[in-house]
There are 2 protein chains.
Amino acid sequence: MQPDPPQPTVLYTLEQTIKAYRRLCQQNIDQVITDLTVDQGLTLMVLSNYPALSQQRLAELVFKDKASITRIIELLVQKGLLARAAHPTDKRKSDLRITDGGRQTLARLSPTIQLNQQTALQGLSAAELAQFDATLRKILANCSPAQP
Amino acid sequence: MQPDPPQPTVLYTLEQTIKAYRRLCQQNIDQVITDLTVDQGLTLMVLSNYPALSQQRLAELVFKDKASITRIIELLVQKGLLARAAHPTDKRKSDLRITDGGRQTLARLSPTIQLNQQTALQGLSAAELAQFDATLRKILANCSPAQP
DNA sequence: TTGATTTAGTTGATATATCAACTAAGTTTA
DNA sequence: TAAACTTAGTTGATATATCAACTAAATCAA
């Protein structure tokens, strides 16, 4: 028997839900690829969909800090899934390229990503999802700092 | 100009929203208390509301790992907000007690917690929130492992 | 009651989050 | 063009997440 949640608000459930979803994603990834985290997989996928992305832009897309991106990329490079080359025009940047191994990993990952989303959202109508998304965006806007 | 999000699903927005909310919480805490994290504040609050809680139960309530709870408690003890005493009947457990300093911290924290929730949820009707909560719980159930 | 199992909590290793300081390279401006 | 500023990325420090291994204590079972 559990006592009532400490914060009886949807925000508590929100936190709980995202954790459960991340756990599900990791478990499903583990079944097709060894030693890859959700964030590494997501980063790889985004790099695949948007080639020639700077780390800065990549960070925005996956909603991460640039310091985090640096480290995630480092791990992907260590695993041979990603390669850094010199950027042709801007020496501050590096040119990130997915390796063959990275492409293979992505191919195996792709069905899992579909599965994760389907699993999480099963039984929800399009209308319900749309309403949910709308509310979520309101909360997001409420939490986002004002843009002067 | 941003390209489309890499995963055009509500789950991506969900992740984004919870991050924005946590950031908001931390910023508001920072304005009334120095050197306290959201998780430390939450832990302290739950311990205050449910006295004589074991770390195990505490972990469930704040939806954290028991290893994480151990470390959060350690930091709260270091900061003098929490004290460990010997548990009267079970030597494996420790009796967690909020110190006077901890109580002061909680008192200053309390309005901030209200503020955070109000800020995040402003402009949402009760009906909209209820609908949102219902959908969230469906997703949570979808992501939770089956209980045999 | 001893031996097996379970439970409570700690600790280590690694990944990520966040903030701040930093380097290097590009850009602007006086 | 030189100085000031901005941008891209790295690195360090600390907090948390997760998994696994571990200790010690409690409980169960034969």
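Every chain is numbered from 1, with letters handed out A, B, ... down the list of sequences. Please read these numbers as outputs of a predicted model, since none were measured by experiment.
- Judged purely by distance below 3.5 Å, without hydrogens or angles, the side chains of A:D100 and A:Q104 never pair a donor atom with an acceptor atom.
- Within residues 72-92 of chain A, the residues approached by DNA chain D to less than 4.0 Å at the level of any non-hydrogen atom are A:R84, A:R92, in residue-number order.
- For the pair A:D65 and B:S94, both in contact range of DNA chain C, the more 5′-proximal nearest nucleotide belongs to B:S94.
- Among residues two or more places apart in sequence or in another chain, the side-chain contact (heavy atoms from CB on, under 4.5 Å) test is passed with A:Q40 by A:L36, A:T37, A:I72, A:L75, A:L76, A:K79.
- In this structure, the ring-ring contact (aromatic ring centres under 6.0 Å, His included) partners of A:F132, at least two apart in sequence or on a different chain, are B:F132.
- With sequence neighbours left out, B:K138 forms a salt bridge (charged side-chain N to carboxylate O under 4.0 Å, His left out) with A:E128.
- With sequence neighbours excluded, the residues satisfying salt bridge (charged side-chain N to carboxylate O under 4.0 Å, His left out) with B:D90 are B:R92.
- Using a 4.0 Å heavy-atom distance criterion, A:K66 is classed as a base contact.
- Residue-level contact check: A:Q26 touches neither bases nor backbone, having no heavy atom under 4.0 Å from any strand.
- Using a 4.0 Å heavy-atom criterion, one finds that B:R71 contacts the bases of the nucleic acid, with or without backbone contacts as well.
- Contacts between chain B and DNA chain C, taken as any atom within less than 4.0 angstrom of a protein heavy atom, begin and end at C:dT7 to C:dT18.
- Not counting sequence neighbours, the partners of B:D133 by the side chain to side chain donor-acceptor pair (under 3.5 Å) test are B:R137.
- Residue order along DNA chain D, read from the 5' end via each residue's closest nucleotide, puts A:I69 first among A:I69 and B:D35.
- With sequence neighbours excluded, the residues forming a side-chain contact (heavy atoms from CB on, under 4.5 Å) with A:R97 are A:A85, A:D95, listed by chain and number.
- A:K91 meets the side chain to side chain donor-acceptor pair (under 3.5 Å) test with no other residue; sequence neighbours excluded.
- Nearest-nucleotide positions on DNA chain D place A:K93 closer to the 5' end than the other of A:R22 and A:K93.
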Distance-only criterion, 3.5 Å: show the donor-acceptor pairs between side-chain atoms of residues 107-116 of chain B and protein atoms not counting sequence neighbours.
residue	atom	partner	partner atom	Å
B:N116	OD1	B:N28	ND2	2.7
B:N116	ND2	B:T112	O	3.3

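- The residue A:T37 sits close only to the backbone: its heavy atoms come under 4.0 Å of sugar-phosphate atoms, none of a base.
- Comparing the local axis fitted to the first five base pairs of the helix from C:dT1-D:dA30 to C:dA30-D:dT1 with the one fitted to its last five gives a bend of 10°, rounded to 10°.
- In summary, the side chains of B:Q131 and B:T135 do present a donor paired with an acceptor at a separation below 3.5 Å, with no hydrogens or angles considered.
- Evaluation of the side chain to side chain donor-acceptor pair (under 3.5 Å) rule for B:Q56 yields no partner, not counting sequence neighbours.
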